[in-house]
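Chain letters run A, B, ... following the sequence lines, proteins first, then strands; residues in each count from 1. These numbers come from a predicted model, not from an experiment.
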Number of protein chains: 2
Amino acid sequence: MRNRSVTYSAEATFHALSDPTRRAVLDLLRKGAQPAGQIAGAFPVSRPAISKHLRQLRQARLVIEHRRGRHRFYQLNAEPLKAVDSWLERYRSFWQANLANLKAFVEEEYARETGREPGKK
Amino acid sequence: MRNRSVTYSAEATFHALSDPTRRAVLDLLRKGAQPAGQIAGAFPVSRPAISKHLRQLRQARLVIEHRRGRHRFYQLNAEPLKAVDSWLERYRSFWQANLANLKAFVEEEYARETGREPGKK
DNA sequence: TAAACGTGTAACCGTATAGTTACGCATTAT
DNA sequence: ATAATGCGTAACTATACGGTTACACGTTTA
């Protein structure tokens, strides 16, 4: 994908969530708002690295920044996750279906494509 | 993240979902299994590009391949999406909370950090 | 058996990404 | 005032990623 400066909300959200460190930051913020430095302290990478992750999370509106003196508190904003949830919604019915009829499924499809009896050469 | 050859299931799944084309492929497969070429035909990119996306989806176990003659059918396997769903689960309570008490939240945190009365210098 | 088909892989390219160190700039403390 | 603190940004590096074209290989058709 050439153009990553996307604004489609779901896209931005999925992209932000693709990084394990960013997901861990969100997990951390479930405990409550924290200043940037404290967040960084929880990870084995440098403070600037976390700062950049926070920027991405900010741009995806998954966190909200509040300045207070020289601190910048980051607060979780879970609202964009709704988009992920509703995307998942379409799959809920699928992940319960067992794979028993999988073979039949595929063969039916094959038959449709070729106009043949499934199983025949 | 330097090492992308991860096997942690949730990680692989989130990563696979980070690309809009791959998500669209999954959406397409909800209609039923389809041969690779037919999937590729639904997208504006080249067939090899889709072939690589399919490989990633396969490695994330989000699709299952079935060979039949010279066709390779791809079948949706939504099971790994459970991991995403359970990750999201932790946030459900958050995305309903309105932002009314946000200020209080932050100031409380500030007080905790500094040992001061919120609002005082 | 030879041609056509369906599909994956290799090699390559340009951009995005995550990380690092060095630095700048407010804000608070001395 | 000056120093220390908290944090973002710039510049740079290495690698991952998505896309393309060329090709290989098994399967089906003629």
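Whole-Å rounding puts the B/Phe73 CZ to C/dG8 C1' distance at 17 Å. Rounding to whole angstrom units, OH of residue B/Tyr74 and C1' of C/dT7 are separated by 8 Å. Put simply, CG on A/Asp19 is 17 Å from P on C/dA16, counting in whole angstrom units. Rounding to whole angstrom units, CZ of residue A/Arg58 and P of D/dC7 are separated by 12 Å. We find that CZ of B/Arg70 is positioned 5 Å from P of C/dG6, with the value rounded to whole Å. In this structure, the CZ atom of B/Arg55 is 13 Å from the C1' atom of D/dG19, given to the nearest Å. Between the CD atom of B/Glu11 and the P atom of C/dA18 there is a distance of 11 Å, rounded to whole Å. Look at CD on A/Gln56: it is 10 Å from P on C/dG19, rounded to the nearest Å.
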Audit row: B/Asn77, B/Val63, side-chain contact (heavy atoms from CB on, under 4.5 Å) steps and yes/no: CA-CA 5 Å; B/Asn77 176 38; B/Val63 299; 6.0 Å; no

From CA spacing to verdict: side-chain contact (heavy atoms from CB on, under 4.5 Å), A/Leu76, B/Tyr91: CA-CA 10 Å; A/Leu76 174 65; B/Tyr91 293 90; 3.8 Å; yes

side-chain contact (heavy atoms from CB on, under 4.5 Å) between A/Ile64 and A/Tyr74, worked out: CA-CA 6 Å; A/Ile64 298 168; A/Tyr74 284 92; over 6 Å; no

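For B/Arg70, the side chain to side chain donor-acceptor pair (under 3.5 Å) criterion is met by no residue, not counting sequence neighbours. Every residue meeting the salt bridge (Lys or Arg N to Asp or Glu O under 4.0 Å) condition with B/Arg61, not counting sequence neighbours, appears here in chain and number order: B/Glu79. Every residue two or more places apart in sequence or in another chain that forms a side-chain contact (heavy atoms from CB on, under 4.5 Å) with B/Gln59 is listed here: B/Arg55. The side-chain contact (heavy atoms from CB on, under 4.5 Å) test applied to B/Arg23 returns A/Glu11, A/Phe14, A/Trp87, B/Leu17, B/Pro20, not counting sequence neighbours.
Counting only residues at least two apart or on different chains, the side chain to side chain donor-acceptor pair (under 3.5 Å) pairs with a member in residues 44-54 of chain A are A/Arg22-A/His53.
The side chain of B/Arg72 sits closest to C/dG8 out of C/dG8, C/dT28, C/dG19.
For the segment residues 41-53 of chain B, residues with any heavy atom less than 4.0 angstrom from an atom of DNA chain D are, sorted by number, B/Val45, B/Ser46, B/Pro48, B/Ala49, B/Lys52, B/His53.
Between the axis at the start and the axis at the end of the helix from C/dT1-D/dA30 to C/dT30-D/dA1 there is an angle of 10°, using five pairs per end and rounding to 10 degrees.
An OP1 or OP2 oxygen of D/dA16 is reached within less than 4.0 angstrom by no side-chain nitrogen or oxygen of B/His15.
The residue A/Arg22 sits close only to the backbone: its heavy atoms come under 4.0 Å of sugar-phosphate atoms, none of a base.
Between A/Arg30 and A/Asp27 there is a salt bridge, since at least one side-chain N of the basic residue sits less than 4.0 Å from a carboxylate O of the acidic one.
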